[in-house]
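To start, the structure under review is shown below, and the notes come after it.
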Amino acid sequence: MDLSLSTMPCMLEKLIEDIHLNSDDKITCIVADMHMAWALEVGNKLGIKGVLFCTAAATLFPLQYNIPKLIQDGIIDSDGFPVTKRKFQISPSMPAMDTGLIWWSNLHDSKTEKKIFDYLVHCTQTFNMTEWWLCNTTYELEPGALSFNPKLLPVGPLLRSYDNTCVTSRSLGQFWEKDLSCMSWLDQQPHCSVTYVAFGSFTLFDQNQFKELALGLDLTNRPFLWVVRQDSNSTNNMTYPNEFIGSKGKIVSWAPQQKVLRHPAIACFVSHCGWNSTMEGLSNGVPFLCWPYFADQFHNKKYICDELKVGLGMEYDENGHVSRWEIKKKLDQLFSDEQIRERSLQLKEMAMNNVTEGGGSSENINRFVKWLKS
């Protein structure tokens, strides 16, 4: 983040100028992740319109946007750290938030946290360079945050539309090759019987936690599909415990997650609660067993469990690990909770109604496309 501000804006400017010089094509719009919002400054300098895209929950947008007010109200100091442990409310329409869930200050490294906070402050100063703020959410999922920021338009759930007759090893935006054998394996499993375990592209476990997870999945005596990334396995020298049987499971290095979550055999999702995974799970009516790793994932876990009530959280033991018995206990509870399953299916219907013709997100996308064309 330090280096990106000193190197990337000038390189982006040069790239655009080279394209304009060497091609008949002209760049007329930049869509920037809210955490790469310095790109809007580049566009503004070159006379190119910009669009901001919030890749996290809509609730986290006003949190970042209101950093000056958080400092003024004494909730955080000028370096971004909470002044005291307390609950606070950005707006009456939004749920109260614990200062421990301010994501840039819970990374367990104060030097890194300060650098990230300074970077966020810089990005936030560019937000008003555009009239378009888009977010991967829906009105029903986050009404409070969206009413507080009416300029923030929900366009979610943003999901890849799969044609089941088309099998490809890699889809747009994916850098790891998927193991598609898991789909034929799922076809052989009973309806609503499989625990899907996937922790995204960042989460790393130590050997003890890896062992507890493996043995916990064994203890459930249910089929499971477990994504164990090759990079984490080799980097951390993870080894499966000798007691691990895994006979009811399928282990892959990467999975076509949206297709997996759509499969009728999937019963629940053991997830790190990244926002993309959260939206994919909600859009498929799959209950969550929440196991956040860092940053905004802790907020998403609380939201899933306490606000939406479609998931359960894990409890850590005295060594800071989630034990095999805790994993089995919570999965047993999740499998037997019909209310969570019913709420999950209701949220799925609401979410997917947004992307059908006439739905809220569909209408917002149409407005945005009309603006782009103009």
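Start at 1 with the first residue, then count along the sequence.
Met11 belongs to no multi-residue hydrophobic cluster, having no ILVMFWY side-chain contact under 4.5 Å with any other such residue.
For the residue pair Lys250/Ser181, the side-chain donor-acceptor check at 3.5 Å is satisfied. Side-chain N/O atoms of Gln258 and Asn284 include no donor and acceptor closer than 3.5 Å. Between the side chains of Glu326 and Tyr316, no donor N or O sits under 3.5 Å from an acceptor N or O. Between the side chains of Glu357 and Ser362, no donor-acceptor pair of N or O atoms lies under 3.5 Å. Looking at Glu113 and Ser105, their side chains never bring a donor and an acceptor atom within 3.5 Å of each other. Under the 3.5 Å distance criterion, with hydrogens and angles disregarded, a donor-acceptor pair is assigned to the side chains of Glu142 and Thr137. A donor atom on one side chain and an acceptor atom on the other are found under 3.5 Å apart for Asp187 and His263. Judged by distance alone, the side chains of Tyr119 and Trp38 do bring a donor and an acceptor atom under 3.5 Å apart.
Put simply, the side chain of Ser283 never gets that close to the backbone of Glu280: no donor and acceptor are under 3.5 Å apart.
In this structure Glu349 satisfies the side-chain contact (heavy atoms from CB on, under 4.5 Å) test together with Asn353, sequence neighbours excluded. Applying the ring pair (Phe, Tyr, Trp, His ring centres under 6.0 Å) test to Phe288 and every residue at least two apart in sequence or in another chain returns Phe269. Every residue meeting the side-chain contact (heavy atoms from CB on, under 4.5 Å) condition with Gln339, not counting sequence neighbours, appears here in chain and number order: Asp337, Arg343. Applying the side-chain contact (heavy atoms from CB on, under 4.5 Å) rule to Ile16 yields the partners Leu12, His20, Ile27, Ile30, Val42, Leu46, Ile48; only residues at least two apart in sequence or on another chain are considered.
Counting heavy atoms from C-beta outward, Thr112 and Met1 have side chains that stay 4.5 Å or more apart. Counting heavy atoms from C-beta on, the side chains of Pro241 and Leu215 come closer than 4.5 Å. A heavy-atom distance below 4.5 Å is not found between the side chains of Leu289 and Cys268. Residues Leu225 and Val252 meet the side-chain proximity criterion, which asks for heavy atoms closer than 4.5 Å. Between Tyr65 and Leu60 the shortest side-chain heavy-atom distance does not fall below 4.5 Å. Taking 4.5 Å as the limit, every side-chain heavy atom of Asp98 sits out of range of all side-chain heavy atoms of Arg86. Inter-residue side-chain proximity for Cys29 and Trp371 is flagged as met; some heavy-atom pair is nearer than 4.5 Å. Between Phe53 and Trp132 the shortest side-chain heavy-atom distance does not fall below 4.5 Å.
In plain terms, the two heavy atoms of Leu219 and Lys328 that are nearest each other are O-CE, 3.4 Å. The two residues Ala267 and Pro287 come nearest to each other via the heavy atoms O-CD, 3.3 Å. Taking both residues in full, the closest heavy atoms of Pro256 and Leu180 are given as CG-CD2, 3.8 Å, listed atom of the first, atom of the second, then distance. For the pair Ala32 and Ala37, the tightest heavy-atom approach, listed with the atom from each and the gap, is CB-CA, 4.4 Å. Contact between Cys54 and Met34 at its shortest, heavy atoms only, is SG-SD, 3.3 Å. In terms of heavy atoms, Ala255 sits closest to Tyr196 at CB-OH, 4.0 Å.
Annotation for Glu342: atom CD does not count as buried by contact number, only 12 or fewer foreign heavy atoms lying within 6.0 Å. Within 6.0 Å of the NZ atom in Lys111, the count of heavy atoms belonging to other residues, nucleotides or ligands does not exceed 12. Applying the 6.0 Å contact sphere to CH2 of Trp325 captures no more than 12 heavy atoms from other residues, nucleotides or ligands. Around atom NZ of Lys87, more than 12 heavy atoms belonging to other residues, nucleotides or ligands sit under 6.0 Å away. No more than 12 heavy-atom neighbours from other residues, nucleotides or ligands sit within 6.0 angstrom of NZ on Lys329. By the 6.0 Å contact criterion, CZ on Phe117 is enclosed, its count of non-hydrogen atoms from other residues, nucleotides or ligands being greater than 12. Under a cut-off of 6.0 angstrom, the local environment of NZ in Lys45 is sparse, with at most 12 non-hydrogen atoms contributed by other residues, nucleotides or ligands.
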Can you check side-chain contact (heavy atoms from CB on, under 4.5 Å) on Ile327 and Val322, steps first, answer last?
CA-CA 7 Å; Ile327 293 166; Val322 176; 3.7 Å; yes
Should Asn300 and His272 be marked as a side-chain hydrogen bond (donor to acceptor under 3.5 Å, both in side chains) after you check the CA-CA gap, both sets of side-chain angles, and the distance that decides it?
CA-CA 9 Å; Asn300 297 342; His272 65 306; over 6 Å; no
Could you go through the side-chain contact (heavy atoms from CB on, under 4.5 Å) check for Asn66 and Phe148 one step at a time?
CA-CA 11 Å; Asn66 282 278; Phe148 178 69; 3.5 Å; yes
Can you list the steps and then say if Tyr293 with Phe298 is a ring-ring contact (aromatic ring centres under 6.0 Å, His included)?
CA-CA 7 Å; Tyr293 178 60; Phe298 292 96; 8.5 Å; no
Can Lys248 and Arg222 be said to form a side-chain contact (heavy atoms from CB on, under 4.5 Å), step by step?
CA-CA 6 Å; Lys248 289 205 167 186; Arg222 293 190 182 94; 5.8 Å; no
Pair Gln64-Thr124, side-chain hydrogen bond (donor to acceptor under 3.5 Å, both in side chains): steps then yes or no
CA-CA 7 Å; Gln64 185 173 333; Thr124 303; 3.1 Å; yes
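Ile90 and Leu146 fall into different hydrophobic clusters, where Ile, Leu, Val, Met, Phe, Trp and Tyr are joined by side-chain heavy atoms under 4.5 Å apart, directly or via other members. Val369 and Trp133 end up in the same hydrophobic cluster when Ile, Leu, Val, Met, Phe, Trp and Tyr side chains are linked at under 4.5 Å. Residues Leu347 and Ile266 are members of one and the same hydrophobic cluster, defined by side-chain heavy-atom contacts under 4.5 angstrom among Ile, Leu, Val, Met, Phe, Trp and Tyr. Hydrophobic clustering, with ILVMFWY side chains joined whenever heavy atoms are under 4.5 angstrom apart, keeps Leu120 apart from Met129. By the rule that hydrophobic residues join a cluster once side-chain heavy atoms approach within less than 4.5 Å of another member, Phe81 and Val83 end up as members of separate clusters.
Classification of Arg324 and Asp218 as a salt-bridged pair fails, no side-chain N sitting under 4.0 Å from a carboxylate O.
Ring pair Trp291/Phe199 is perpendicular by interplanar angle, where above 60° counts as perpendicular and below 30° as parallel. Ring geometry for Trp226 versus Phe224: interplanar angle over 60°, hence perpendicular rather than tilted (30 to 60°).
In this structure, OG on Ser361 lies 13.5 Å from CZ on Phe368, to the nearest 0.5 angstrom. Here CG of Leu134 is found 10.0 Å from CZ of Arg367. Values are rounded to the nearest 0.5 Å. Interatomic distance, Asn364 CG to Leu153 CG, rounded to the nearest 0.5 Å: 4.5 Å.
The aromatic ring centres of Trp103 and His35 sit less than 6.0 Å apart.
With respect to Leu159, the side chain to side chain contact (heavy atoms under 4.5 Å, CB included) criterion is satisfied by exactly one of Met279, Arg262, Met352: Met352.
Annotation: salt bridge (charged side-chain N to carboxylate O under 4.0 Å, His left out) contacts involving residues 297-311, sequence neighbours excluded, comprise Lys302-Asp306.
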